[in-house]
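The first residue in the sequence is number 1, and the count goes up from there. Numbering of ligands and ligand atoms starts at 1, following listing order.
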Amino acid sequence: MNYKHFKLRTDEHQITWVGIDVADESVNTMGTPVLHELNTLLDEFEKQAPKSVVFYSEKKSGFIAGANVNEFVEIGKTNDLNEAEALVKRGYDVYERLANVKYPTLALINGYALGGGLELALACRYRVAVDMPGTRLGLPEVMLGILPGWGGVKRLPQLMGAPAALDFLLSGKTADAKKAKKLGMVDEAVPPRIMWNAAIGVLKAMPPVRKLSFVQNLMTNGFLRGYVASQARKQVAKRARPEHYPSPYAIIDLWQKYNGDVHQPKPEESCSVRSLISHPTAMNLIRVFGLREQLKAQAKGIDFAAKHVHVIGAGVMGGDIAAWCAMRGINVTLQDLDASRIAPAIKRAADMYKKRLRDERKVRDAMDRLQPDPTGSGATRADVIIEAIVENLSVKQKVFAELEAKAKPDAVLATNTSSIPLEQIATALKDPSRLVGIHFFNPVAQMMLVEVISGKQTSLEMSRRATAFVDQIDKLPLACKSAPGFWVNRILAPYLGEAMKCLDEGIAPETIDEAALAFGMPVGPIELADVVGLDVCRAVGETVAPGATEPQKLRAKLDAKTLGKKTGQGFYVWTNGKAQKASAGAVPAGLSERLINPMLKEANKALAEGVVENADLADAGAIFGCGFAPFTGGPIRYGQNKTTA
Ligand code: NAI
């Protein structure tokens, strides 16, 4: 039998090796044709049972990235609920069949195994994960508003125990090979050089299948099951409202009531595939997944990678930009007026590395890559130079004139300005086409989006290089025109402005924030203003809407120099990094819409002006740049849905 997506061979130990190699794709995904072929393979194995089987990937890119999300995207377009349901049930049945075969099966997980990819591995009797940088195991379906319907909800709890498994199922997080072994998700984690022998070894030894401990078993299959489910529901409720994000609740229900069997819930039950797919959240989140890919795709095919980055200005932004780049493997020099101004940034970097990298050697390597450079000598070697000094035109112009004289002729010259038009800064350069904006958001480590700003003078090559650089440091680039506020601040300003008006009218900050949370924003506008800094908010407001009347309460705070989180007090008092809030009280009817509508209006206006290229990128920028409620699909999509509803 000839297979299109599998390569079969049987070795001297009578082990049948099934190499997964999805035709015409660089990444393995379990699309419908692949699933059908797996079913045919199982038919063949039923006729003539192999002694044992190993599934592994023939691709360099990983084991299996998941089901084919594009199939869901297509279903979203036609809204064919029957097909959606059939797709999920088909996968469930094929994997169920695999799980029930008599001969031993093993998944050799070389690279990432996500969603339907991990579920295939879970349906095997054994799992060996190859301990290499790309190996990540997880079930990210919840992030797409759906559930792991191909047996993940059923099998992961049986391997790891329900509490740990639910943690994975409800957050979509992933584990590397070692962690997966520690948690019981896999039987072995082995280095790449011994992976083949390790698989053979397991199939020869055929160890008994791992059993849960007594307590784990009680929590997973015994009388503590209900308690575990209710605790999980409480945890989820802290992060996600069921009307916005039904899928984590559906996952808990499907596990607790039906042990993960997607055939059992009635169509009208909230944990049924049909309910989830017909909820707008699923289709919007699946689109958001595609939008992230679209942002990344902007960097595809650009042959540029920075080896050395020079950052000028070691303040809030520059210090964190430098730290981030060094963490991502680039040599960085960090310049400021003197060494004492750089020291706090190095200290912050050390703290971040300890938290994020954990491994002492990796922390040391990253610290080695981050060099304080008070004299600015690194600028002569850098491939990318990022200016993040005070927001002052003449100071920036002076810095760029000096930089141009000493930088390599093809180095990218970038500014992190949030409000000064690039064209004005560029007048200081002999070759103004070299200046591009690389606009990070605060806090740098948490914000995925980086705007790549092209002024009228910016050369295409510089913006292409800047885009590739943003991708290189694992951020999401968004191409924007140099216009006041660019994209994200432009749409945030009227939203924050409306919130300030509400404050002046006497509505409590907590109530205003609660209204935004009720809409689905991750933080309320008043808390956000405190985080960004009230001085920065004013500057952004003036840029986007020059001449507008300044809100009274904001002015009072600015006069009192209580600038928000950074000074310990703004509209809220901040202790230990947290805003001290009173209870919000009831949200007046219409308040959420009142806050959000100005943002929707501005987004459509800015899109029409061509600040970003199209509606998809516009929505992506709003979601990844300011957390615009992802389940709505973004401000443009949401506005369209509202008018058609
Ligand atoms: P900051 O005040 O925290 O840091 C500025 C640093 O630049 C200071 O350490 C200062 O000593 C240094 N500096 C001033 N003149 C210099 C010179 N001639 N040479 C070398 N260093 C010099 O400012 P922040 O907040 O980091 O802002 C920096 C830039 O980033 C500004 O253009 C701002 O508009 C932009 N930005 C700020 C964001 C924020 O949330 N704070 C967000 C996005 C962009």
Under 4.0 Å to a heavy atom of [X] - the qualifying atoms of ligand 1, by number:
| X | result |
| --- | --- |
| His439 | 43 (C), 44 (C) |
| Gly315 | 3 (O), 4 (O), 6 (C), 9 (O), 26 (O) |
| Thr417 | 32 (O) |
| Glu391 | 31 (C), 32 (O), 33 (C), 34 (O) |

Any salt bridge between [X] and [Y], counting N to O under 4.0 Å?
| X | Y | value |
| --- | --- | --- |
| Lys398 | Glu402 | yes |
| Glu505 | Lys501 | no |
| Asp616 | Arg287 | yes |
| Arg538 | Glu391 | no |
| Lys355 | Asp351 | no |
| Asp471 | Lys296 | no |

Tell me: protein heavy atom nearest [atom], and distance?
| atom | value |
| --- | --- |
| atom 20 (C) of ligand 1 | Ile312 CG2, 3.6 Å |
| atom 40 (O) of ligand 1 | Asn442 ND2, 3.1 Å |
| atom 2 (O) of ligand 1 | Val390 CG1, 4.6 Å |
| atom 5 (C) of ligand 1 | Ala388 O, 3.8 Å |
| atom 11 (O) of ligand 1 | Asp336 OD1, 2.7 Å |
| atom 17 (C) of ligand 1 | Leu337 CD2, 3.5 Å |

What distance separates Glu602 CD from Arg490 CZ, expressed to the nearest 0.5 Å?
4.5 Å
For Phe168, does the six-membered ring have the charged nitrogen or CZ of Lys173 within the cation-pi criterion, i.e. under 6.0 angstrom from the centroid and within 45° of the normal?
yes
Give a yes or no on whether the backbone of Ile389 and the side-chain of Lys396 come within a donor-acceptor separation of less than 3.5 Å.
yes
At a non-hydrogen distance cut-off of under 4.0 Å, which region of [X] contacts ligand 1 (side chain, backbone, both, or neither)?
| X | answer |
| --- | --- |
| Lys396 | side chain |
| Phe440 | backbone |
| Val316 | both |
| Val399 | side chain |
| Ile389 | both |

Please work out whether the ring planes of Tyr572 and Trp574 are parallel, tilted or perpendicular, with thresholds of 30° and 60°.
perpendicular
Hey, looking at atom 44 (C) of ligand 1, which of Thr415, Asn489, Asn416 has the closest heavy atom?
Asn416
Name the option, out of Gln335, Met317, Arg341, Glu387, that contains the heavy atom nearest to atom 39 (C) of ligand 1.
Met317
From the list Lys566, Lys561, Lys557, side-chain hydrogen bond (donor to acceptor under 3.5 Å, both in side chains) partner of Asp535 resolves to Lys566
Does the protein come close to atom 9 (O) of ligand 1 - that is, does one of its heavy atoms sit below 4.0 Å from that atom?
yes
